[in-house]
Amino acid sequence: MLTSLVLTILTVASCGYFLRVVRNRLKFGESLRQPLPWDGVARRLRRVFLEVLLQTKVIRARPVTGVLHALVMWGFFAFAWVSLEHMMQGFQGLDGARPDRGWYGWFAAAWAVAVLVGIVGLSIRRFVLRPQVLGELSLSSGIVAVLIAALMVTYLLGWRALEADGSAWRLNWWVHTLSLLGMLWVIPNSKHLHLMLGPVAVFFRSETTSGMRALREDDDEDFGLWKFNRLSAKDILDVNSCVECGRCTDVCPANNVGQSLDPKEIVLQLQRGLLAGGQTVAGTPRQVQTGECWISEVNLFQCLSCGACEDACPVGIEHVGPKILDMRRGLVSEGRTNSDKLNVLFTTMERAPHNPWGVAHETRRKLIQTEGFPIFDGGQEWLFWLGCGVSYDPHGQDVARAMRKVLDEAGVTWGVLDRETCCGEPARRAGNEYLYFDLSEKVIDSFRAASVKKLVTCCPHCARMLDRDYRQNPVYQQLGITVVHHTELLAELLPRLEGKLQKRDETVTFHDPCYLARGRGVVDEPRHALAAAGVEVVEMKRSRSRTFCCGAGGAQLFIADDKADPPGGRINHRRFAEVSATGVSKVAVACPYCPIMLNDAARHAGREDFVVADVAEVVADRITHAER
């Protein structure tokens, strides 16, 4: 009777404490009213099964550490019934309690050994090897490791080594019980809360790199993420789910070259500020030092919005759109930025809304007239949206010529707009929501006037904007425009080009653009198009969804400090080194920004012989029957 009474008191106190702390950490009542996404439930459940239950992402990134972590997690699933049975013994009284020495007892014992192997291995890594990416030593991590080890050892002792119902067995039972209840006191105050919140965050995360949310029209104070009450329910889940593993920092291009941006610290600073009742989220480095805010604008404006951090995160945290880019938007809206490059970009786009370089519109007009591009009148199947990179960059114009050749030979009816306004991607990624809104309104008006229904673009940044950001505008959404990247259309048109492509054996490597591979989930189509042209692709170490950024994304092509060299070199130089390591002399690309960055890196490396070609150029070069 005494055992049951004491156990009841301890259990109620432990559960009550756990629920109270978790409730305080999940302050949804004070968060921005933004609904959680419930679309594609089956797809989301499948992702939870793969990434949480099977631990595929954890094991993929760090195989040894991942397997050790998986052993611990799977062991706790195996111990669910054991723990329930253990507690029931206490509530019913220990006089008649007996260990389970049947098949399930053996099963649990095997997992107890596996969990011990896992937790010892993880502890050696955390407290002895101490990888820099994990940060400072954590007391809570040590306590949890001890409690897990105690649970496994006491189970093994009670299961086989001690005489059932003896005094030693009873003492061992209480040590196991206190270790189990102790977890309820430690977990809610530590990173181990991810055990409960991580699966939920994984369920609700975006399939591709997260996007920026639409500002609320009914909220006069919604200028972006500048106050902690601007955090959404998903954001609060995210900042409390962080396991502090540093995988996001490991793959961050800016951090890799020695810049100060640390995606893990961005999330943890949001967590610290939220729990401390902070008000202002981001500001100048001095404001961070004085405690006026929590995150430095310097770090935020180093982000390339490449999505590598999100792709690597095992607990579904969305760092990019709803946090880093929204914090940029908050800073710009509040007029609290100190970057001359930002001011130049915004001023240029206001004066020359057709492109962020400020190049005269005559450049695009000459391209259309010289090449005889048809003007879209609503009667053609496809609008070929050139975008700024294809319209005004010399290599981009070559890509436009190649696409015309492919489209004509495939028998596709198409046209271009007589005039294009920039879609506003650089402005929005850099934080100027007002300028983006003004530009997007002009673009939407032009689409509506031309009765556009299907659009193809060679720029994954434009594709992302027109297929995702723009759909936040109800007027655009009602137009029902289908948006595809040109590599998607190329792959679709291959049957029409059969017999017209003269395959020539060639070996190249392919650089996956971040906004295509992670931002759109397109990785196979460019390779199919290259294969149809007889091209063999030698993959880089980091390719497909784990591609490494060229350094242009997140408006960095326009706002990065060209005079500053990070300690680890420039990002485009780092990527070109990976290209060169394949041993080929040609790289295929699928974005107008990437050639600018890779050609610059090739010149810096003295590789004037190196060729950077768009997938469309490679395919067009193989067409033998095209006529003007």
Side-chain angles (χ1 to χ4, degrees), residues 1-18 53 55 65 67-128 138-190 192-193 195-196:
M1 181 64 72
L2 181 61
T3 298
S4 300
L5 178 61
V6 173
L7 180 61
T8 300
I9 294 172
L10 291 176
T11 302
V12 171
S14 299
C15 291
Y17 176 80
F18 179 88
L53 296 183
Q55 295 279 280
T65 305
V67 169
L68 293 175
H69 183 275
L71 288 176
V72 175
M73 193 206 72
W74 293 334
F76 270 83
F77 283 124
F79 263 74
W81 173 252
V82 171
S83 297
L84 179 63
E85 189 177 42
H86 176 89
M87 296 301 289
M88 289 304 299
Q89 286 178 345
F91 289 124
Q92 294 171 356
L94 297 180
D95 291 340
R98 293 291 184 272
D100 183 355
R101 290 176 178 168
W103 73 268
Y104 199 86
W106 281 96
F107 177 75
W111 274 110
V113 174
V115 170
L116 281 172
V117 170
I119 200 64
V120 169
L122 292 174
S123 297
I124 291 173
R125 180 174 183 268
R126 185 70 179 87
F127 300 105
V128 179
S138 168
L139 177 61
S140 63
S141 294
I143 293 173
V144 169
V146 170
L147 290 176
I148 291 175
L151 285 170
M152 299 304 107
V153 171
T154 52
Y155 172 77
L156 291 172
L157 289 174
W159 171 69
R160 208 70 182 173
L162 299 175
E163 183 179 347
D165 206 24
S167 56
W169 186 89
R170 286 173 176 264
L171 177 61
N172 184 75
W173 187 93
W174 273 109
V175 173
H176 187 94
T177 302
L178 294 176
S179 299
L180 190 61
L181 296 178
M183 300 286 278
L184 297 177
W185 293 79
V186 179
I187 285 176
N189 293 301
S190 70
H192 298 88
L193 189 59
L195 297 169
M196 182 177 76

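What you see below is based on every heavy atom in this structure, not just the backbone, and it leaves out hydrogens, waters and symmetry mates.
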Below 4.5 Å, heavy atoms only, C-beta onward: do L184 and T11 meet side chain to side chain?
no
What's the separation between atom CZ in R125 and atom OG1 in T65, rounded to the nearest 0.5 Å?
4.0 Å
Minimum heavy-atom separation for V82 to A108, with atom names?
CG2-CB, 3.6 Å
How would you list, by chain and number, every residue that makes a side-chain hydrogen bond (donor to acceptor under 3.5 Å, both in side chains) with R101, sequence neighbours excluded?
none
Closest approach of W111 to A78 (non-hydrogen atoms, all atoms of both residues):
CD1-CB, 3.5 Å
Walk me through whether L180 and S83 qualify under side-chain contact (heavy atoms from CB on, under 4.5 Å).
CA-CA 8 Å; L180 190 61; S83 297; 4.2 Å; yes
Rounded at 0.5 Å granularity, tell me how far CG in L7 sits from CG in L5.
9.5 Å
Going by distance alone, is a donor N or O of one side chain under 3.5 Å from an acceptor N or O of the other, for H86 and T177?
yes
side-chain hydrogen bond (donor to acceptor under 3.5 Å, both in side chains) involving W169 - partner list, sequence neighbours excluded:
none
Please set out all donor-acceptor pairs under 3.5 angstrom arising from side-chain atoms of residues 68-77, sequence neighbours excluded.
unit_1: H69; atom_1: ND1; unit_2: Q55; atom_2: OE1; d: 2.7
unit_1: W74; atom_1: NE1; unit_2: L53; atom_2: O; d: 2.6

Could you please spell out the steps behind the side-chain contact (heavy atoms from CB on, under 4.5 Å) verdict for L10 and L178?
CA-CA 9 Å; L10 291 176; L178 294 176; 4.0 Å; yes
Is T3 close to W174 at the side-chain level, that is, under 4.5 Å between some pair of heavy atoms?
yes
Return the CG to CH2 distance between D100 and W159, rounded to the nearest 0.5 Å.
9.5 Å
ring-ring contact (aromatic ring centres under 6.0 Å, His included) against Y17, all qualifying residues, sequence neighbours excluded
W185
Side chains of R160 and W106, heavy atoms from C-beta outward: is any pair under 4.5 Å?
yes
On a heavy-atom basis, the closest approach of P188 and M183 is CD-O, 4.1 Å
Rounded to the nearest 0.5 Å, what separates atom CG in L181 from atom SG in C15?
7.5 Å
Between the side chain of S4 and the main-chain N/O of G90, is any donor-acceptor distance below 3.5 Å?
yes
N/O donor-acceptor pairs under 3.5 Å from side chains in residues 141-155, not counting sequence neighbours:
unit_1: S141; atom_1: OG; unit_2: S138; atom_2: OG; d: 3.2
unit_1: S141; atom_1: OG; unit_2: K191; atom_2: NZ; d: 3.4
unit_1: T154; atom_1: OG1; unit_2: A150; atom_2: O; d: 2.6
unit_1: T154; atom_1: OG1; unit_2: L151; atom_2: O; d: 3.1
unit_1: T154; atom_1: OG1; unit_2: H176; atom_2: ND1; d: 2.7
unit_1: Y155; atom_1: OH; unit_2: G105; atom_2: O; d: 3.1

Main-chain N/O of I187 paired to S190 side chain as donor or acceptor, under 3.5 Å:
yes
Which residues pass the side-chain contact (heavy atoms from CB on, under 4.5 Å) test with Q92, not counting sequence neighbours?
M88
